[in-house]
Each structure stands twice: as C-alpha cells, then as structure tokens.
Amino acid sequence: MASDWLLEMVGISKSFPGVRALDDVCLRVRAGSVHALIGENGAGKSTLMKVLNGMYRPDAGEIRLRGEPVQINGLKGALDLGISMIYQELNPIPAMTVAENIFIGREPVYGRSGVVNRRRMNADARRLFQTLGLEMNPSARLSSLSVAEMQMVEIAKAISFDSEIIVMDEPTSAITDREVEKLFEIIHTLKAANKAVIYISHKMNELFRIADEMTVMRDGRYIDTQPTDKLTPQSLIAMMVGRRIDEMFPKEDVPLGEVVLSVDGLSQDSRVRNVSFELRRGEILGIAGLMGAGRTELVETIFGIRKPSAGRIRIGGRPVAIASPRDAIRHRIALVSEDRKLMGLNLRASVKDNVSLVNLARYCNLGGVIRARQEVDVVRRQIDRFKIKVSSYRQIVDTLSGGNQQKVVIAKWILADPEIIILDEPTRGIDVGAKSEIHKIMVALAREGKAIIMISSELPEVLGMSDRILVMHGGEVTGEYARADFSQEAVMASATGSH
Amino acid sequence: MSMASLAGADGYGTKVKQIAARYGIYIAFAVMFVFLSLWSPWFLTFDNILNILRQCSINGIIAVGATLVIITGGIDLSVGAIVALAAVSASSVAHPDSYPVIVPILVGLAVGALCGGVNGFIIAKGRIAPFIVTLGMMTIVRGASLVMSDGRPVINLSDEYNTIGGGYLWGVPLPVFLFIAVVLIGAFLLHFCKFGRHVYAVGGNELAATVSGLNVGRVKLGVYTLAGLFAGFAGIILSSRVMTGSPAAGAGYELDAIAAVVIGGTSLAGGTGAILGTVIGTLIIGTMNNGLDLLNVSSYFQQIVKGIIIISAVLLDQYTKNSR
Amino acid sequence: MSMASLAGADGYGTKVKQIAARYGIYIAFAVMFVFLSLWSPWFLTFDNILNILRQCSINGIIAVGATLVIITGGIDLSVGAIVALAAVSASSVAHPDSYPVIVPILVGLAVGALCGGVNGFIIAKGRIAPFIVTLGMMTIVRGASLVMSDGRPVINLSDEYNTIGGGYLWGVPLPVFLFIAVVLIGAFLLHFCKFGRHVYAVGGNELAATVSGLNVGRVKLGVYTLAGLFAGFAGIILSSRVMTGSPAAGAGYELDAIAAVVIGGTSLAGGTGAILGTVIGTLIIGTMNNGLDLLNVSSYFQQIVKGIIIISAVLLDQYTKNSR
Amino acid sequence: GYRIGVSYQNLQNEFIVNIAKAVEEKAKELDVTLIESDGQGKAEVQISQVENFIAQHVDAIMLIPFDKEGCVPAVQKAVAAKIPLVVFNAQVANVELANTYVGSDDIEAGRIEMQYIADLLGGKGNIAIIHGPNGHSAEVQRTEGNKEVLEKYPDIQVLFEQTANWDRAQALSLTENWLQTGRPLNAIVAQNDEMALGAYKAVEAAGKAKDIPVIGIDAIADALKSVKDGKMAATVFQDAHGQGATAVEMAVKILKGEDVPKVVNIPFKLITKENVDSLQ
Ligand SMILES: Nc1ncnc2c1ncn2[C@@H]1O[C@H](COP(=O)(O)OP(=O)(O)OP(=O)(O)O)[C@@H](O)[C@H]1O
Ligand SMILES: Nc1ncnc2c1ncn2[C@@H]1O[C@H](COP(=O)(O)OP(=O)(O)OP(=O)(O)O)[C@@H](O)[C@H]1O
Ligand SMILES: [Mg+2]
Ligand SMILES: [Mg+2]
C-alpha cells in the first residue's frame, strides 16, 4: 500500500511511574519536508522521538514507514530502518576524537581485518564536514571542544548515517546564529534529497523559516497539525500554551544603582584577554558573541571555576580574591551555567535536593540537621514560581524534560538570594511561555536592585533584555553598546571581529 | 511527629521510599528466610536469630561507613586492615589492671578515624582514585599493625574489654545494640543532616557540587574518616569478641562490606543509596552464612552457593526495578 | 611506515602521545630504578633484570586483560580465582605420558575464556555492576577449583608442561616472551582494531555508544572474555612454574593487576588508558618487590613501604599531569 | 660472617613469626647476616625470592616452604645454583635434594591431634573438624593426618566439616552456627590453635565447655594458657625455637664444610594440662 506519508506514528502512549508522558499521540510526516514538533516544556516531544528511535518501547500505538507497520528493535533497529536522531542532550565521548565520535561502530577498516583505517576515517570525516560546510578538525578530542562545537559534531554525526528520517531535538539551543544558518543550509539539502526532518525547537523565528508543517503537543496529548503558512506566531503560541503571551521581552527601565562588580583587565590564558567592565545594581548586562568567543570562560573565571592569569575583580568597590565557587557564592554571586548536565545539576537527586543545595545551611538548625518542612515549603514555592512541571518535588531530575531541568537550575540559583546573577544561556531549551516568565523574573530581580549578567546566543534576547551589551570575539571585548545604540548589525559586526 | 508527616515532609521519606521501591531485595531476603525456616528446623529460633544478628554486627558496622563512602562515588579497601590496626592498638592498652576500659575504646576509635582521615586527606587533596589510595593504605595499615604487634596477636585482655563483644544486655548480645546504634547514627547523618545531603551531591555530580559552593574535599574527608571510625569500632568489637588483638584480623572484610552495600541497592557509581538497604544487604549475607552452616553444605560448595546467591540477589533486584 | 606518520595518522600514535605525556610515571620508575641501582650492587645485573621480568610476567599478563576491562569502566575481581581454576584444570590433563602439551594449554585457555564469558554475559545482560558480578564469580570460581581438585593440589606434571613457565629461550625465561606476546596482542586489539575503539567508546560514554548503535553488550562480553582468557593463560604459566595446579593459587592477583593498571595511568572511571602504561605499572610493582627484597627491608616494613610507593607513584603522576 | 637468605612461608602467622625470632637470635649469635623474605603464603613468591637470593649470591638459603608441591622449583633452583639449602619447619616434596631438613611433618600433627581425640572419645562419638584455608598445603597435610586416624575408627562420625581460614573469629561464628543445630557434638578438632580458641569460645558460651573438648595445633601462647587453665583440651606443640635455631646451626655447619644429617627430626608433641608446665 502506497502512502502519502513517509512516517506515521498513530495512537502512541507511554507512561513513566507517576506521569503519562504520551497519551494517544499521532504524528504524520511527509518525505522531503521539515516537520516541526512543538509544545511546552514537558509536553512529551522528546519522549515521542525516543519512541520513534527505539529508546523507549511505547505502551500502545503503531509506527508505520511508507504505510508499512514496523517494529522498532532498539536504537540499532531504528538506525537500520533509516531513522537517526540528534539528541536534546549532548552525548560526547570526551576522550575520543571528532572522527571517532562520528563513526563509532562504523569505523572503516582495512579489508575485512577489523583493523581501523584511521586515515580513511579522518578523510571521511573531513569530506563530511566539507559537504556540510563546517570547519572542524577530525582528530581534535571532544573534550577540547566547546558545547557549540560538540553540538555541530552531533549534527554531522546524525547526517552521516544518511537516514531517511532525521530527528533534530533542539539542535540550535547551544549554537549561535552563524551555525544556525549552516544548519538550515544542511536541512535544505536534506529536503532536496527527499529526506524528512523532524525539527523540535522553542525558537519561533526558526520554526517559521524552515518548517513546512507543524504539529503541536500539550501535556502529552496531540493538539493539531497545520501547514506553516496557515499559522502565525501568535496562533501557534496560543495552541501551545492555551493562552496568549503578551510580551516576549518585558524589559523595564530600572534606575541604576552603584557599581557592584568591576572587572579590570581580566585574562584567562588565551581564552579571555584583558576584559574590563562594570556592573551596576538594577542593570542587566548582555554579553553577545559567536561560539568560542570566550564568554563562558569569562564568567567561569569570575565565578572561580577557572583560574585567572591576570586581572582584578572588585565587588562593592573592594578588591576580592575568588579562588573557588565557594568564594564567589560567599560574595553573593550566582552562576547559572551553560551546561546544566555538567555543572548545574545532580541528575541522580530529586528536584528538592537540587533546588535547596546551595543554601542548605539556611534550612538547618545549628547542629546541621535539616528542618525538613521548611525546606519542602521553600522548594515548593520555587517549583510554583518557575512553573516547573514535576510529578512531585521528589521526582529525580534525570527524568524531567530538558526545559524543566533548566528551570530547576535557575530556581536553585535564584533561591540562593544572590546580589550578582550571572546567567549563561539561561533560556536554553525553555519554551516561549516559560521564557517570558523568566524574563519577567529577571526584570523583577533588577528592580530589587540585583545586578545581572546575561550571556545569550539569541540576538533578539540580548537586544530585548539588556541595558547594555558587551560583545566578545576571540576572548576580547570588541564592542560595547548602550541601549539607545542597540542594533543587530553593529552587534554582529563586533561579534565577528570585523571592526 | 507522625509517621505520615515524616515520610511526607523530608528527605528521609524520599530515601525510604526509594529503597522500599526496590522490592526485589526484600523478595530475595524473604525467599531466603522462608526457605531456610522450612529446610532447617534450627533456623527460626530466637537464639539463632540473635546469633545471626551478632554475626552480622561487625560487617554491618563497617558497611554503614562503606555506604557513606560509596554514595560519594568512592570506595574504601582499607577498612579490613583498619579493623586489624584498631584491634591491635586497642588490645595493647586493654590488659587487666592497666587502664579503664574507656581508654582502649577511645584508642581504637581514634586509630580508626585517623587512618580514615589519612585516606580522606589524600583522596581530597591528591585527587587520585579512592581505589588506589585505599588499596595502598590497606597494605600500609596492615604493615603497621604487624609492626605494632610484632606479628603476634595481643592477648590477655581485661574482662571489661571482653564484655564489649562478648557481653549481653537483656539476653541480647551487646554487639547487636552497637550495630543498631551505628545504623541509627549513619541514617541520621545521611538522611537528616546537611552533611548527608552533601554526600549525595558529591556522589551525584562532583563538579556541580563544587560549582554549588560545596567544600567537596571536606565532605570526602568526612566520609572516609567516618568509615575509618566505624572500622575502628568494628576492630574493638572483634578483638573483644575473640579476646585477642590479631594483626591478621579483618582480612577481606572490605569486600564483605562492599557486597552488603551493593546488595542493598547502593550504586557504586555514587549519588544513590540508603542505610536501610545496607542493613538488608548485611542481613542477607549474614543469614546466608548462617544458613549454609546450619545446612552443613560442604565447604567447597558453600563458596559456589554464596557467589550464586549474591549475584542472584542483585539480579533479581535489578529485574524487579526494570520491569516496572 | 615512519614513526612520524605512525604518530600522526592513527589512534595508536595518539595513545602513545597521551601516555608519553604522563611523564610522572616514567619519573617514578626511573627514580626507583636509579635509586636501586645505586643502593644495591645486586640490582642492576643481567640475571636480576631477567628475574624481575619473569616475576612481572604473570601479573603483567593478567593486567593486560584488566586494562581492557577497566577502560570499559568495569572491573574484574575474579581473575585471581580464574588463575586457580585454569591452573587446576590444565594441570589435571598435564600428567606425563597423557596428552600432548597443547591439550592442557587449550584446556586452561578455554576454562579462562569461559569464566570470563560468564562474567561478561551476566554484566551485559543483567546490567548489574561488574564489581558485584565478578566478586560473586570470584567465590564461585574458587569453589569450583576446589571441587575440581578435591581441595588438593594437582601434581606430577609433564616436563613439557613445566617448561612453559620454567623454560628458557636464548637464555631468557619463557614467561618473559609470553608476557611480551600478550602485551603486543593487547596493544594491537586496543589501539589498532575496531574492537579497541569500541572499548574506549563504551568506557567513555556508554549512552553515547548505545545511541550510536554500538552493541555495547558484545563489547563487554568481549573484554571480560579476554580478561578471563589472559587470566587462564596466567594460570597455565603459574602452575607450570610451580609445577603444581593449586586450587589456592592466584589469591589477591586481581588487586595486583588493578594496581598495575591504575599506576599505569588508566582511569578506573573508564574511557582512557593504554597498554603501555600498564606495562610500566607492572614493571614498577615488580621492581619494587624485587628491590625491597634485595635491600632486605623487613617484611612488615615492606608492606608499609609498598603502600607508600604505590600511592606516591600515582600522586606524582597526577601532580605532573596537573602542573602543565 | 656468612650471608644467608631465608624465605618464610608467611610472616602473618604467629607460629612462623616465633620461628623467625629464633632464627634471628641464632644468626646474631653465630655472626650470620640474614636476608629475610616473607613468602606471603604463595609458592610462586617463594620461588621468586629464591631467585632473588641466587642473584645476590648468598652463601646459603633457608626455606620454610609454604606449599609442599609448589615450592619444588624453589628447591631445584637453589640446588642448580649450587647454593646450600636448609629446608625447615614444613615439608617440600623434593626435600631429599636439600642438604638437610629440620622439623617434622604436618601430616604427623594431624595424626596426633586426631588420635588424642579418638582416645578421649574411646573411639566413638560425633566430631567436627575446622579446616585451614582450603587447598593450602598445611591444610591438605593436616587433613590427611586427621583422616588417616579416622579410618581406624569407623564409629567416629564427622558431623561437620568446614573451613575457618586459620581465623579465630570465623571459627567462632562457625561453631556458634553448628551449636545452633543442637546436634550432639563430642569434640571439635581444629587444624590450628587460633581456630580452636574461637571454637572453644563458642562452646563455652553455649555452656558446653565440659561436654565438647576442643583441640588445636601450634601451641601458641594463648592456647597454652587455655590448656593450662583447663579450657582447651590439648594442643600439638611444635618447637618453633628449636627448629629455627637448629636450622641456622645446620646452615652454618654446611658452610663450614661439616657433615650434617639429612634429617633433623624435631617432632610434634601433644600438650595437655598434665605436661603443659614443662614448656614454660
Ligand atoms: N524516564 C522518565 N521517568 C519519568 N518521567 C519521565 C521520564 N522521561 C520523561 N518523563 C516525563 O515525561 C514528560 C515529557 O517529557 P519530554 O522530555 O518528552 O518533554 P519535552 O516535550 O521534550 O520537553 P522539553 O521542551 O522541556 O524538552 C515530562 O513530564 C517528564 O518529566
Ligand atoms: N578545557 C578546554 N580545553 C581547551 N580549549 C577549551 C577548553 N574550554 C574551552 N576551550 C576553548 O575556548 C574557546 C572559548 O570557549 P566557548 O566556546 O565556551 O566560548 P563562548 O563564547 O562561551 O561560546 P559558546 O557560545 O560556545 O558558549 C573555544 O575555542 C573552546 O574550544
Ligand atoms: Mg525535550
Ligand atoms: Mg558559552
């Protein structure tokens, strides 16, 4: 039986202990098209895709390829059926090279010997990068790459399977506009080759640029599928969250107070070079830049994760030595890190244990015994404030959806009651609704007199939320703009170093 | 505080649930228990149950310390040797008419805590794998106990000292109470205190714990010191129970303790686990040893059967955990 | 192929670089070597160096297998017991005038591989911690070797058999050649073959390996089988060297092997390491044992010194690694 | 003076430590330099140590073999290197290659203790045997001695048999468990004193000290005290001091070119309450 559809997933249900993650969900995808899968954090998008790629076995439902029902036998089975996936969470093998990561399990060998033909593997990788228009060294170790570069490796790897269906679960959450453009070119090529791309993202502008059709999910249920031209961002958001969102960037002007943080000639090896800036109470300082610009390294150095090679930091006018995150926290600094899995969360612990960790002492009596009820109350309040979708505060963080994990990190650091808040890609993987909530919270914090540094690779976010923007390139500050002078072109020019 | 509010309101409730959810291990224990009760008429007697508890107590006490260590993602291979050093040093000040009995007790505990502290210090400061540090310490501490005792067991201990491991209270062997006390202390620290929360945090994601401002080194120092302290306590009880401080004591105890912890559902990867599980793990091992002796299984086959039981218990647990 | 192209073009080159970069361990070895040469007139003699190599060979062979296992992030505590079972089973078909010497060799290897295979199978299919599986297997296999030999050493072995561990070729003890052969095989598999890539991948990030469609279970089955195979080989050499198949043989060998691997810079966390490092680790341990005997350090202090050397070697290595 | 290499089977064993002390004393007296090595209970380690001694060109080698069979190559190597060899305390299968043997035979110790129990029980009753570590040479030989005697007494039933690995605590637990079964035991035969003392403790705690005699081997200090106090029924004495001292003397004699007997028998002796005082 021939079918219009390359892929049909019909009546898919999947439950985890305490959650019905998917409830009778349908998804139909045409060959040669980009199909966007959209929904709030925890709507079940990733879970649906993990059912498709064989990681989860559905409790009910059928999967059909070109009209034929198929049984998907594990991850390998899905790959064999021509389904590959870029995961929401990065999956690097840190000690291995880029080429090894890409071709793991498919290494070219000499004849039938089992001896790896490394030269050919590297050549294959190089050719792959060429066709994708990427510049990357096949024999670099993954551990030496930035998150964004790792993300590009994952993309290249998923493409290299030459699959019929390629699932991309928030591929752009960790990369900057330049890489996004590359990815879109790649997607166009895939479309032209009559492949299907299932694209998950929370970034509206992207969706409307590349999606042909969109399927919306909410709370584990299928809502609707529409061709893109029948939709507007407003109607899409309404479908997603079931209400209107008035303002994406609710920036308010807050009168600026005294300088709380001043950084003077800070360097960290060659990654951060001679960076100086000041931060005032009530200010939101945006830091823009391309991938590898050294923004993350800058804030990690301020926070005591990296050792500065030169420079001074003053807080409230007094010079301070920050040798560890402990010191930073003592000076009331908070850092919501870029990589939540690596530095942000204890995935094996509950939401409660994560949220209360930084300032646990506040919920203890003098002997170090935890005042349990107080802790739970506080955590519950954070869960409500950040609208974290959990079955209970005891849910293990590993089982939360990606966006909700991100909210846990933010909730944890805000609870620590810092004066200086550093947010590195804070809205990574967060849905539109929640994003505007977080922006509102940022504004509220600024109004309270807190000082905020926000790194974001989403230019509209930086432009929309900042009082002032620093632009970095190659570890140096290449531009500084006050709100009145904001322009996308100027920031981009500084970011590429073409000044 | 009612039981319900206890379970509802705090971390202990979470852990209890987490462990209670691993019903596989209870099934394993229950199966073993019922089976032995049916097979051996001597198994299910008051005396024998006390017997089992007494025989579990030393391994159980060490295993409580091992639980803390393993939850941080570490391991401690030196506890068996620490048992010996504590036994020897406590015994050498426990002769009749020398010091009051509190002296050998404090000496044994101090020696244990000190050895554990050295472990913790090297692991925390040197950033080297606990496996290799404690393996090295295992031979160092064993050597020290041989040097200290000149290779010969320390004998002629006072009656008060011998009461610690050999005495009774209300008809129940003292070591059983000591075991229960250590379990309560361990559970309190791990499940009710800030320290315990930090132990989980370090084991779950050390980098995240550091970035969250935890003093990871101090947490490690703490758990290894406690593990040493408990091992020292076990050494006191052991030497008092056999009325000798032997430098060869405690060989292989580290593996028994780790087995109890893992059977009890604590993952060697760190970040998860609970004291209650360790208690069950200890009971499984103790009951197994007792049962095989009662059934008089021939000594070569005992080894085979023990290995099979350990693997099966963990397999069953894993199976019930995954099948939901 | 020139050295440069070797280093530039392939994984072996990378690994060599990676290991060569850990110069701390070479410093440790060199210091020890120079020190012993100066201190003991007997150390730096041709005979003694051969002695050291021969004495290293059994631990070295086991350690090659352990390296593979540890790179996958696993651990194998059963190898010591496998040594015994292989020794007993090979010996029992190695009596004079019974079978050609190839038969006991094949039997020993097969027994080793089989035990390792069982380890691998349970670990891969049961998804339970290698530590506990191989701990259980350790007692099972030890029990099996006792049952098989009825608790008594198997004696009266043929001269051909005894040549394996006791013979010489060009004045060099045979076990030295066998050690070198196993090292080459291990290095080839690990650094040149697809299998080796997969070993690193599984240890580096098991989830990533799985989602790449790798048959992780098969890789694990492979490494444990190889570890068992090499342990079986070690059992053959050992029993032939002592001219007895003893069911008590090999006790504690697992820890020696793990120590060699870790001293050699392979991380117990998995994903990194190399055979060359393990060779150095083995040599450090062997030289240390030999040197302490030559210096006539008293036995109890030997233990203390050994522990200190092991910890210091790893500390030094860690220090030089971090200070760059 | 002479340089003599000594390989002890295992210096974590109290009895061997006692021998070592005697060896050291005698060596000092005779102006002998000792190179002492601990075989750690492994035949292959002892072989390596003998190899190391050969590499150091020692004048003579003294060996307490851990493994009757496994230490055969150690003897062969010493002989091949033409270094005088004194084997003492424990047997090795090719002992005839050594210049002399000083000591007795573990099989004999096993015989003596079992014979004593058989006599005590009048050739009839139920016993338990606590073994050393399975497969270790001393365990194998003491078991052989035990069983040899038992063959003569068909009315003696071995109710329980298990290893306690030379360990007092293990023997204690083991005996406690056996006693739980309430099966009537008339004696416990332990293959060393450590285990016998553990077994006795359990028996005593069960209030059966009078009904179940316990015997061990080695006559370590604690056991002698126990025998003297009328607790343990008996132990089997091996003259650690005599063996150690004589072995050194023999080695020196050989080096001086004097003739030595092929075997210097220092026999085991049964120690009971009656003759225990003769030892102190
Ligand atoms: N292994 C699991 N155990 C329990 N609950 C789970 C598990 N995996 C997912 N869930 C739950 O299923 C729901 C759907 O999660 P999923 O990851 O599919 O969301 P998502 O749509 O991808 O969200 P996001 O946009 O935040 O990535 C969430 O409530 C999540 O907590
Ligand atoms: N541990 C490391 N070892 C080697 N190089 C590193 C390491 N960490 C970061 N780098 C390099 O430092 C540079 C800056 O890092 P990074 O990409 O995180 O900066 P960024 O401006 O925060 O960009 P992004 O948008 O990717 O977060 C990159 O070239 C990266 O490869
Ligand atoms: Mg998701
Ligand atoms: Mg960054």
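Values below: all heavy atoms of this structure, side chains included; hydrogens, waters and symmetry mates excluded. This structure is a prediction, so every number in the text was calculated from the model and none was measured.
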For [X] versus [Y], what's the shortest heavy-atom pair and its separation?
X         : Y         : value
Leu85(B)  : Cys115(B) : CD2-SG, 3.8 Å
Val88(C)  : Gly245(C) : CG2-O, 3.8 Å
Thr139(C) : Lys306(B) : OG1-C, 4.3 Å
Val216(C) : Ala209(C) : CG2-CB, 4.0 Å

**Study point:** Gln302(B)-Asp293(B) side chain donor-acceptor pair, cut-off 3.5 Å
**Key:** yes

Revision key, fill the gap. Turns out that what part of Ile310(C) lies under 4.5 Å from chain B's heavy atoms comes down to side chain

Point to revise | Interface moiety of Leu135(C) toward chain B, non-hydrogen atoms closer than 4.5 Å | key: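 The side chain, not the backbone.
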
**Study point:** Closest-packed option against chain C by number of heavy-atom pairs under 4.5 Å, given Ile258(B), Leu268(B), Leu146(B)
**Key:** Leu146(B)

Review point. Most heavy-atom pairs under 4.5 angstrom with chain C, which of Ile308(B), Val133(B), Ile128(B)?
Key: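 So the answer, after comparing Ile308(B), Val133(B), Ile128(B), is Ile128(B).
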
Practice item. Check for a donor-acceptor pair, side chain of Ser246(C) on one end and backbone N or O of Ala248(C) on the other, with a separation under 3.5 Å. Key: yes

Exercise for review: Mind ranking Val305(C), Val141(C), Leu255(C), Ile309(C) by heavy-atom pairs under 4.5 Å with chain B and telling me who comes out on top?
Suggested key: Leu255(C)

With a 4.5 angstrom heavy-atom cut-off, could you sort out which part of [X] is near chain C: side chain, backbone, both or neither?
X         : answer
Ile140(B) : both
Ile311(B) : both
Ala129(B) : side chain

